[in-house]
Amino acid sequence: MILVTGGAGYIGSHTCVELIESGYDVLVLDNLSNSSRESLHRVERLTGHKVSFVEGDVRNGDILNVLFDTHDIDAVIHFAGLKAVGESCECPIFYYENNIECTLKLVQAMQDHNVKNLVFSSSATVYGDPQKLPLTEDMPLSATNPYGRSKLIIEEMLRDLPRADELTHSDNPWSVALLRYFNPVGAHKSGQIGEDPNGIPNNLMPFISQTAIGKRDCLSVFGGDYNTCDGTGVRDYIHVVDLAKGHVKAVQRLLSEQGLDGVQAFNLGTGHGISVLEMVNAFKDCNHVDVPYQISDRRPGDVAACYADVSRAQTELGWKAELGLADMVKDSWRWQSRNPEGYRVIG
Ligand code: NAD
Ligand code: UD1
């Protein structure tokens with residue numbers, strides 16, 4: 001059985017589908033602070049399998065102990081965390097407290113129960129302001145905001161676990177995959193599960209979808225004077241279903257005979273950069289909808305371009321993104337148009 005913390009959220013719910021379809025039993029622990037129970041009902045309908053769900057906080061060690069005592073858990077995928085960059089700048093203590101304490105309590109419970117296979121949701125944000133592209137996993141790391149710093153601190157914390165195993169000659173050493181996501185977008189092709197942001201979206205794709213459906217008047221394109229193909233920011237967008245499959249590959253590797261040695265980081269992206277205008281135009285063309293936009297000032301903290309070298313994930317995990325830009329924009333629109341209020345309307 002795989003314990004999935006934060007499994008009711010955007011990436012977690014898609015990963016539950018892929019895990020179940022790969023034959024794993026799934027146990028979700030989520031406090032529903034940024035998600036709803038409905039996402040998992042839909043995962044159950046999509047897969048025809050039950051998802052064991054516990055509503056609770058990962059910071060609660062007692063809940064974790066009960067879960068490990070009562071279930072046969074082979075590995076943990078740790079999605080639970082807060083992820084809004086702007087909010088993290090306003091409430092850094094809240095972010096450090098939630099993201100770091102969740103991970104500390106989780107690894108303590110794992111160690112106490114001798115379950116030492118972990119997949120951690122990291123982010124391309126740990127590369128800070130990239131000096132060279134594409135980004136490889138061994139490039140220098142830094143953080144430009146408390147959210148990113150929480151990921152960086154957790155990565156460093158996790159690196160200490162196998163070091164301790166060496167000192168204590170552990171016969172069951174830690175195996176940890178740090179998955180550094182680039183820009184997850186899209187939704188399950190059924191249109192049943194997808195991203196359901198609270199309030200005004202910060203990220204590009206949900207803002208485009210909400211503009212296309214008329215919830216927002218106009219997309220602001222943040223900066224038209226970057227040194228990129230068309231002057232707008234370039235990112236490595238990755239379809240959330242590809243990303244979810246990357247987690248299954250990581251779990252399979254952790255549980256394989258070969259295992260995974262210590263802590264290893266993997267970029268999960270496509271390896272291709274796409275500009276804001278390329279994304280907007282693909283969305284319009286593939287979905288036959290209008291997306292009014294205007295070029296506005298650069299957003300503070302944004303970098304011109306960011307994309308991954310994905311060869312390590314391919315070599316080590318046997319994983320490669322398969323879905324392209326057309327799938328990303330079509331699946332995002334299917335989700336948005338069928339669920340204009342997200343999970344708030346049962347459909
Ligand atoms: P999400 O907010 O949809 O999912 C996170 C889930 O964790 C939510 O269901 C939330 O209710 C839960 N949660 C938060 N704190 C919790 C706690 N203390 N106890 C129990 N549950 C808790 O976000 P997502 O987009 O699915 O992201 C999942 C993970 O991936 C996060 O750690 C995020 O930082 C990381 N990540 C996301 C992106 C992205 O663009 N979506 C990019 C890079 C990394
Ligand atoms: C953001 C986070 C990053 C996180 C990532 C994935 C910031 C500074 N960084 O990355 O930590 O890991 O999301 O969730 O928030 N854009 C517009 N108009 C909009 C929104 C975005 O033009 O309304 C542009 C941005 O300037 C950027 C691109 O679209 O060029 C992507 O932006 P976004 O989706 O917010 O992701 P990132 O900034 O790459």
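All ligand and atom numbering here is 1-based and tracks the order in the structure.
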List every atom of ligand 1 that sits less than 4.0 Å from any heavy atom of Ser121, numbering the atoms from 1 in the order shown and giving each element. 29 (C), 30 (O), 32 (O), 35 (C)
Taking ILVMFWY side chains as joined if any heavy atoms are under 4.5 angstrom apart, and letting links pass through other members, which residues group with Val234? Val126, Tyr127, Leu133, Leu135, Met139, Leu141, Leu152, Phe182, Tyr307
Hey, which atoms in ligand 1 end up nearer than 4.0 Å to a heavy atom of Cys102? 17 (C), 18 (N)
Heavy-atom cut-off of under 4.0 Å around ligand 2: list whichever protein residues fall inside it, by chain and number. Val85, Ser123, Thr125, Tyr147, Asn183, Asn202, Asn203, Leu204, Leu219, Ser220, Val221, Phe222, Gly233, Arg235, Tyr237, Val276, Arg299, Asp302
Which of parallel (below 30°), tilted (30 to 60°) and perpendicular (above 60°) describes Tyr95 and Tyr147? perpendicular
Mind checking whether Ser122 has a heavy atom under 4.0 Å from ligand 1? yes
Under 4.0 Å from a heavy atom of Ser33: give me the atoms of ligand 1 that qualify, with their elements. 10 (C), 11 (O), 13 (N), 14 (C), 15 (N)
All ring pair (Phe, Tyr, Trp, His ring centres under 6.0 Å) counterparts of Tyr10, not counting sequence neighbours: His14
Identify, by atom number and element, the atoms of ligand 1 in contact range of Arg59, meaning under 4.0 Å from any of its heavy atoms. 18 (N)
For ligand 1, which atoms, with element, lie under 4.0 Å from some heavy atom of Leu32? 11 (O)
Contact check, Lys151 vs ligand 1, heavy-atom distance below 4.0 Å: yes
Does Ser13 have a heavy atom less than 4.0 Å from any atom of ligand 1? no
Only pairs at least two apart or in different chains count here, so list each salt bridge (Lys or Arg N to Asp or Glu O under 4.0 Å) that has a residue in residues 243-272. Arg253-Glu316
Is Leu243 reachable from Leu325 through a run of I, L, V, M, F, W or Y residues, each pair having side-chain heavy atoms under 4.5 Å apart? no
